[in-house]
Structure formats: C-alpha cells, structure tokens
There are 2 protein chains.
Amino acid sequence: MTAREPARRVTARDVAAAVGCSVSSVSLVVSGKAQGRVRVETQEAIEAAIARLGYRLNTTASALASGTSLGIGFLSPDPTNPFFSMVLDGLGDALADRYALSVLVPTGGSDYDRGTVRRALAGDFAGLLLASPSERLLDDFVPTCPTLLLDAGGPVNGLASVDVDLREALAELAAHLTGLGHERIAYLGFRRDKASVQGRRHQLDRALRQRGAVLHPTTVELTELTESAAQTAFTDTWPLWRGAGVTAVVCGDELFAYGVLRSCRVLGVGVPGDLSVVGFDNLPYSSLIDPPLTSVDLSARLLGQTAGRALLGLIGDGAVPGSSRVPARLVVRGSTGAPRRPTGQPAAR
Amino acid sequence: MTAREPARRVTARDVAAAVGCSVSSVSLVVSGKAQGRVRVETQEAIEAAIARLGYRLNTTASALASGTSLGIGFLSPDPTNPFFSMVLDGLGDALADRYALSVLVPTGGSDYDRGTVRRALAGDFAGLLLASPSERLLDDFVPTCPTLLLDAGGPVNGLASVDVDLREALAELAAHLTGLGHERIAYLGFRRDKASVQGRRHQLDRALRQRGAVLHPTTVELTELTESAAQTAFTDTWPLWRGAGVTAVVCGDELFAYGVLRSCRVLGVGVPGDLSVVGFDNLPYSSLIDPPLTSVDLSARLLGQTAGRALLGLIGDGAVPGSSRVPARLVVRGSTGAPRRPTGQPAAR
DNA sequence: ATGAAAGCGCTAACAA
DNA sequence: TTGTTAGCGCTTTCAT
C-alpha cells in the first residue's frame with residue numbers, strides 16, 4: 001500500500017525519465033527550439049509523454065533560468081473608468097498571448113502614486129505601462145524595466161510614450177462650433193498636473209482662436225472626476241457664463257459632460273438650443289443619453305493596441321519607438337447645434 | 001579604465017558582501033522574518049546596504065525557491081464591461097497589496113473559452129478567479145490551483161463560488177411592478193449556457209407568480225451583448241408584446257435596457273407611461289440616461305471584494321469557504337411607473 | 001543528436 | 001545569532 005503523496009506537480013525531469021532522455025531535450029521541445037537539435041522520434045516521444053503525464057512548464061523556473069519575465073504591468077488611475085478598460089482591452093489584444101497582463105490597482109485614492117508604482121517595480125515585469133501618469137509622479141521615476149507612457153502628453157524623462165493626437169479633432173470641433181455660430185465657448189475640465197489633460201484646453205483654445213472664437217477666461221477646473229461634481233460646478237458657473245454670452249461648453253471629460261447635461265435639465269437650459277455641450281472620450285453611453293452627446297473620441301482601444309505593440313518593441317530589441325500618436329476624431333451628435341440667439345451672423349438651419 | 005557592465009541587477013549576495021554577512025540574513029531581513037533570528041545591528045546594517053545599493057527582491061527567484069506564486073489570475077468575458085471592471089476593482093481592493101492581479105483578456109470572441117483558460121493555467125498563479133463562466137467551460141475544467149467561481153450561479157464541480165443573491169431584490173421588483181398595476185411582464189435576456197444568467201429569468205418568473213403576475217411566454221434571448229441588438233429585437237417583438245397586454249419589460253442586462261429605451265424613443269412608446277423598463281446591473285450611467293433606469297444592482301464591487309477575501313482563504317489555509325452570496329438590491333428610478341392603461345385595478349397616483 | 005553540469009537568485013534546513 | 005548547504009525547475013553552454 002503506497003502512501004499517496006499530495007500530488008506533486010509533474011516536472012521536466014519526470015518527462016525525461018519517462019521517455020528515457022535528458023531534461024535538456026525536454027526543455028528544447030517545450031520551448032520549440034528542437035528543430036534540428038532533437039531527433040524527430042525523440043521529439044514525438046517527449047510530446048507523447050508530456051500529454052500523458054500532464055506536464056506543464058513551470059513559468060517561474062523558466063523565467064528565473066532564462067532571465068526573462070513574463071508579465072506586463074499596467075497602471076491606471078482608475079480601472080473602473082471605461083477609458084482605461086478599453087485601453088487595457090486593446091493592450092491585451094496586442095500582447096496577451098505572449099505575456100500576462102498585470103493590472104495594478106491603485107491603493108485607496110483616485111490616482112496612483114509612488115506607492116503603487118513601487119509595488120509595480122517590485123513585480124519584476126518585462127515591461128510597464130503607465131497610463132495617464134501625473135507629472136509629479138514622473139519627476140523622480142526611475143525605470144527598472146522597459147517602460148512606456150500612455151496619454152502622458154508626450155515623452156517625459158526620456159520615456160517613450162503613446163498619445164492621443166488632438167489637433168485634427170480639435171480643429172474640426174472648432175470649425176463645427178464656429179460654423180454653427182458659436183463665438184464664446186467655455187471650458188470645464190479636470191485639475192491635474194498632467195500634460196495630457198492640460199493640453200486639451202490649450203489646444204482647443206488655439207484652434208478656436210484661429211477661427212475667430214474665444215475660450216471664456218473663466219475655466220472651471222474640478223479636482224474630482226465625477227458627474228455630480230460637474231453638475232454642481234456648472235450650476236454655480238452658468239449664470240456667469242450666460243451673462244458673458246457663452247453658447248457652448250466643452251468638457252474635458254465625458255463624465256463632466258454628463259453632469260452638465262443633467263444640470264441643464266434641472267435648470268431648464270435647452271440643449272442644444274440654449275447651450276451646446278461637448279465631451280471628451282466618447283464613451284459608449286454617450287450615444288444613449290439625452291440628448292446624445294457630441295464628443296471627441298480618444299480612440300482608447302486603438303491607443304491600447306498601439307501601446308502594446310510599442311511595448312513589444314521596447315522589450316524585444318530595446319529599440320525606443322520614440323513616441324507615437326493616435327488621432328482622435330470628432331463625433332457629432334445631438335448635444336450640439338446652432339445657438340438660439342446667435343451673437344454674430346444668424347445661424348443657418 | 002573599467003568596462004561598464006550593462007548594469008547588473010543588485011542581488012542579495014551583493015548586499016551580504018557589502019555588509020559582511022550571509023545571504024540568509026539578508027533573506028530573513030527582506031522577508032521580515034528577522035525577529036529574534038538576526039542581531040538588530042546586523043539588521044540595520046543590512047537595511048542600510050539595501051537602501052544604498054538599491055536592492056530589490058527578485059520575486060521570481062523568491063517564488064521558485066519558496067514554492068509560492070504571487071499572481072492571481074482573473075478571467076472575465078469582457079474586461080470592457082463595467083460590471084467586470086468593478087468586480088476587478090473590488091478584487092484589487094482585497095488583495096492587490098499581497099498579490100499581482102493578472103487580467104486574462106479573452107483572445108478574440110465575446111467570451112472566454114478553453115484556450116484562454118489554458119493560458120491562465122499556464123500562468124502558475126496562486127489562485128484563479130473565473131467570472132461568469134459558461135457551464136460548458138466548467139464541464140471538463142480541472143483546477144491546478146485554488147480556483148473560485150464568481151457569478152456562476154452557485155458552486156459547480158466542487159469549486160467554491162461567490163454569487164449574487166437575487167431573491168430579495170426580485171421579490172422587491174415583483175412587488176414594485178405588481179404594486180404599480182403591472183400584470184403582464186416580458187423578459188429580454190442573454191442567451192448563454194450560464195446558470196447565473198438563466199437564473200435571472202427563472203427567479204423573476206417565480207417571484208412574479210407569487211404576486212399574481214406572469215412573465216409573457218415569448219422571451220427574447222439575444223446572443224450578442226450589445227445595445228443595438230436589443231434595440232432591433234425589441235422593435236421586432238414589441239407589437240406582439242403590446243398585443244398581449246404587456247406593460248413592463250425586464251432586461252437581463254443593462255445594455256439591453258439601454259437598447260429598449262432607445263427603441264421606445266424611436267417608436268414613440270412612452271416610458272413609463274406605455275411601458276416600464278427595468279435593467280440588471282445598475283451601471284453608473286443608468287442614472288443619467290433618459291428616463292433614468294430602474295435597475296437591479298448586482299453589487300459588482302462588493303462581489304469583487306468578497307471574492308478576493310474568499311480566494312485569500314482558499315489559498316491560505318485551503319479551507320473551502322463553500323459559497324457565499326452577496327445580496328442584490330433594487331434601485332427604483334423613473335423608467336418604471338404605473339401603466340397608462342392598467343388592465344387590472346386602476347393604478348394609484 | 002544528446003546529456004552532464006553549471007547556474008539563475010532565493011529560501012529553508014541544518015550545523016556551528 | 002550566524003553561516004553553510006542543498007535545492008526550487010528550468011535554460012544553456014559545452015563536451016561527447
């Protein structure tokens with residue numbers, strides 16, 4: 001009567017013993033490097049034994065011996081935010097079959113900080129992706145593995161980055177709004193020491209100026225990325241903006257736009273008759289709310305895919321892919337239209 | 001002139017050499033087991049050297065030597081779906097400080113299959129979480145590490161599970177609808193060989209029967225989890241349902257409810273006057289759409305937290321926590337109300 | 001074509 | 001309290 005051991009996992013040595021070959025041969029077969037180095041018959045015998053014994057490569061040991069890791073770390077301010085979910089999805093598309101995607105969830109708080117990054121650095125990843133990092137975080141960041149920035153507003157500290165190219169979309173937006181007869185436009189954004197976030201307002205401002213419109217100097221900057229914060233802020237600020245002849249408001253985040261729309265409903269402000277509203281992200285829900293939201297689509301999934309490929313390059317040959325840009329595009333929906341009381345020329349329609 | 005080597009990573013041996021102690025002591029200090037086994041002065045010297053040299057534990061080697069893994073695998077049909085994002089977030093809450101959360105992205109396709117699971121099993125995880133698995137998948141699933149099911153409709157194959165308890169919420173829903181005067185209610189759901197999904201309709205049916213209402217026999221079952229599929233299906237089926245006196249429709253997924261609402265808008269069906277609409281999930285956007293959606297909140301985040309703790313237990317002491325249930329709760333909003341033409345007693349209000 | 005052997009960096013007995 | 005030692009399972013020379 002043999003004592004049943006607690007199901008020891010099958011190792012390459014077991015396979016080798018069963019076949020009557022060495023572990024080296026097993027290793028070669030498993031890693032697909034057997035071509036011309038292991039006799040075909042031996043290969044077949046090994047493969048048969050693997051199937052029969054139920055052998056699975058111990059990835060930990062493999063990683064240690066070969067000095068290569070198998071994980072990619074993904075850091076984002078909020079895994080719950082659809083934008084980052086979609087980036088993650090695209091990322092998985094590009095590299096999930098070769099690497100394990102580790103999502104680092106920020107420990108308490110609305111954004112990830114040095115502590116979270118430290119945890120990530122302890123993870124021995126093959127590569128690291130920092131999504132929408134704050135500038136302050138990057139200041140003293142020292143990479144310990146190929147690291148790529150996403151939506152950081154451009155390369156920082158010599159780290160490659162993948163970003164959204166807003167130029168065309170914002171030019172389109174400016175043309176769209178001014179074409180409808182809007183001349184005074186307000187901005188309600190996110191207060192963050194992030195170049196990517198600040199860039200939105202600046203680039204919009206420039207695009208508008210080129211078309212003779214102007215961004216109202218009173219820009220609301222929220223510190224909390226929620227719909228209700230935006231609703232409150234808009235309710236407070238709207239009298240000022242209305243008094244200044246503002247007929248359109250652009251929101252630096254889609255959630256803010258939702259809040260503004262709700263506030264409009266409560267205040268009885270007609271959208272788009274009294275006010276046109278524009279968001280940033282084009283979440284899947286923006287076509288469902290009422291009125292459907294005009295939005296700048298940040299191409300989150302494509303962004304993730306692009307980042308995945310770039311990271312693959314970084315890890316593979318260490319070739320720094322510089323920084324790539326994925327174009328955003330404007331999606332026009334019912335929340336924008338001609339202002340009811342155009343200040344300049346009368347609106348068509 | 002010394003040749004600059006390519007920045008070899010600092011190892012425990014380097015630290016030991018710098019301090020003049022053995023690697024064992026370093027290991028003990030790093031793993032926090034030095035209490036009473038290493039002299040305090042030595043500990044301090046080691047810590048100083050670690051900081052000075054920038055030593056970081058090689059988690060791969062550590063895992064190999066100690067035989068413990070550091071990763072938790074998370075499998076979900078669609079990482080983009082807010083429900084699973086929120087589950088993941090809760091999961092991270094419970095165990096991100098001790099484990100690395102690996103998200104396995106399904107390779108092409110709307111749900112994860114054996115191939116994805118195989119990849120997961122190759123990952124040498126300390127634990128595995130399968131969210132909303134299909135039954136067919138579980139049929140021949142052989143766990144290789146502590147595995148927990150989430151939203152599987154109960155334990156399967158001896159695997160522990162964490163589930164949503166719908167009973168109370170559905171009883172409330174039945175009371176809510178019948179109380180408003182609804183007697184004929186339709187169901188539009190997701191076709192999946194998943195107990196958790198099928199259970200929704202069955203339990204609702206039972207709850208309604210207890211209150212004298214009835215689920216219309218024509219149940220629409222979609223195979224695609226999108227808003228537009230629901231819109232099309234509802235547009236096709238509404239004449240039939242209306243003819244049968246249906247005054248409320250319950251949707252097995254929130255996205256479906258969005259599609260139904262849109263269809264109603266197009267068809268000119270008044271919500272909730274002509275038709276009350278109910279969803280499942282209570283996504284954050286459901287309070288923003290028009291009219292705001294009444295929904296059964298599945299407590300996704302709490303579900304994730306509960307699962308995280310259960311998995312911790314499974315990994316830790318191997319104690320199978322059986323299966324736990326997290327109660328859902330009904331959130332009533334504007335999309336439900338008294339039917340305009342009550343078939344039975346006249347509705348109040 | 002094949003296998004013996006030397007690590008990868010760490011942990012955990014065990015000896016001192 | 002400390003150091004020595006033997007692995008963990010695999011990869012990778014390097015002989016044969």
Side-chain angles (χ1 to χ4, degrees), chain A residues 5-47 49-50 53-70 122-126 144-145, chain B residues 5-47 49-50 53-70 122-126 144-145:
Chain A
E5 284 154 49
R8 197 179 54 79
R9 175 160 166 181
V10 178
T11 71
R13 187 153 65 177
D14 299 327
V15 175
V19 172
C21 69
S22 72
V23 284
S24 328
S25 303
V26 175
S27 176
L28 288 173
V29 168
V30 169
S31 59
K33 293 173 186 157
Q35 191 60 266
R37 333 246 282 96
V38 178
R39 213 176 12 170
V40 181
E41 311 155 38
T42 316
Q43 288 186 41
E44 284 165 356
I46 290 174
E47 268 152 15
I50 286 177
L53 301 178
Y55 167 77
R56 290 176 302 119
L57 175 67
N58 181 324
T59 52
T60 307
S62 172
L64 178 60
S66 63
T68 64
S69 168
L70 23 89
D124 290 319
F125 292 117
T144 63
C145 65
Chain B
E5 283 153 52
R8 197 180 54 78
R9 178 161 163 178
V10 178
T11 73
R13 187 152 67 176
D14 298 328
V15 175
V19 172
C21 69
S22 73
V23 284
S24 331
S25 303
V26 176
S27 176
L28 287 172
V29 168
V30 168
S31 59
K33 293 173 187 159
Q35 192 58 267
R37 330 244 286 96
V38 177
R39 211 176 13 168
V40 182
E41 311 156 38
T42 317
Q43 288 187 39
E44 284 166 354
I46 290 174
E47 268 153 15
I50 285 177
L53 302 178
Y55 167 77
R56 289 175 303 120
L57 175 67
N58 181 325
T59 53
T60 306
S62 172
L64 178 61
S66 64
T68 64
S69 169
L70 23 88
D124 290 318
F125 291 118
T144 60
C145 64

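In this text the structure is predicted, and so the values were computed from the model without any measurement.
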### Message
Whole angstroms only, please: what is the CG-P distance between B:Asp14 and C:dG9?
### Response
9 Å
### Message
What's the separation between atom CZ in B:Arg37 and atom OG1 in B:Thr42, rounded to the nearest 0.5 Å?
### Response
13.5 Å
### Query
Counting distance only, does the side-chain N/O of B:Arg9 pair as donor-acceptor with the main-chain N or O of A:Thr144 below 3.5 Å?
no
### Query
Taking atom C1' of C:dG9 as reference, at what distance in whole Å does atom CZ of B:Arg13 sit?
9 Å
#### Entry: Value in whole Å for how far the P atom of C:dG3 lies from CD of A:Gln43
13 Å
### Summary
dist B:Lys33:NZ -> B:Ser24:OG (nearest 0.5 Å) comes out at 12.5 Å
### Query
Does B:Leu64 or B:Cys21 map to a spot on DNA chain D nearer the 5' end, using the closest nucleotide for each?
B:Cys21
### Task
May I ask you to say what B:Thr60 touches in the nucleic acid, namely base, sugar-phosphate or nothing, with a heavy-atom cut-off under 4.0 Å?
nothing
### Query
NA contact type, B:Arg39, heavy-atom cut-off 4.0 Å: base, sugar-phosphate, or nothing?
sugar-phosphate
### Task
Might you point out which heavy atoms bring B:Val15 and B:Leu53 nearest each other, and give the distance in Å?
CA-CD1, 4.0 Å
### Query
Rounded to the Å, how far apart are B:Lys33 NZ and C:dT11 P?
7 Å
### Query
Going 5' to 3' along DNA chain D, which nucleotides are the first and last within contact of chain B (any atom under 4.0 Å from a heavy atom)?
D:dT1 to D:dG9
### Task
Would you kindly give the CZ-to-P distance between B:Arg8 and C:dC8, to the nearest whole Å?
9 Å
### Query
Under 4.0 angstrom, heavy atoms only, what part of the nucleic acid is A:Ser31 near: base, sugar-phosphate, or nothing?
nothing
#### Entry: Note, B:Thr11 side chain near B:Asn58 side chain (heavy atom, < 4.5 Å)
no
### Query
Would you say the side chain of A:Ser24 and the base of C:dA4 hold a donor-acceptor pair, judged only by whether the two atoms sit under 3.5 Å apart?
yes
### Task
Answer with base, sugar-phosphate or nothing: what part of the nucleic acid does B:Leu28 contact at a heavy-atom distance below 4.0 Å?
nothing
### Task
Take the protein atom CD of A:Gln35 and the nucleotide atom P of C:dT2, then report the distance between them rounded to whole Å.
13 Å
### Task
Please answer whether the main-chain N or O of B:Val23 pairs with a side-chain N or O of B:Ser27 as donor and acceptor at a distance below 3.5 Å.
no
#### Entry: Residue pairs involving residues 59-69 of chain B (criterion side chain to side chain donor-acceptor pair (under 3.5 Å); sequence neighbours excluded)
A:Asp124-B:Thr59, B:Ser66-B:Thr68
#### Entry: Nearest-nucleotide comparison on DNA chain C, the residue closer to the 5′ end among B:Val23 and A:Ser25
A:Ser25
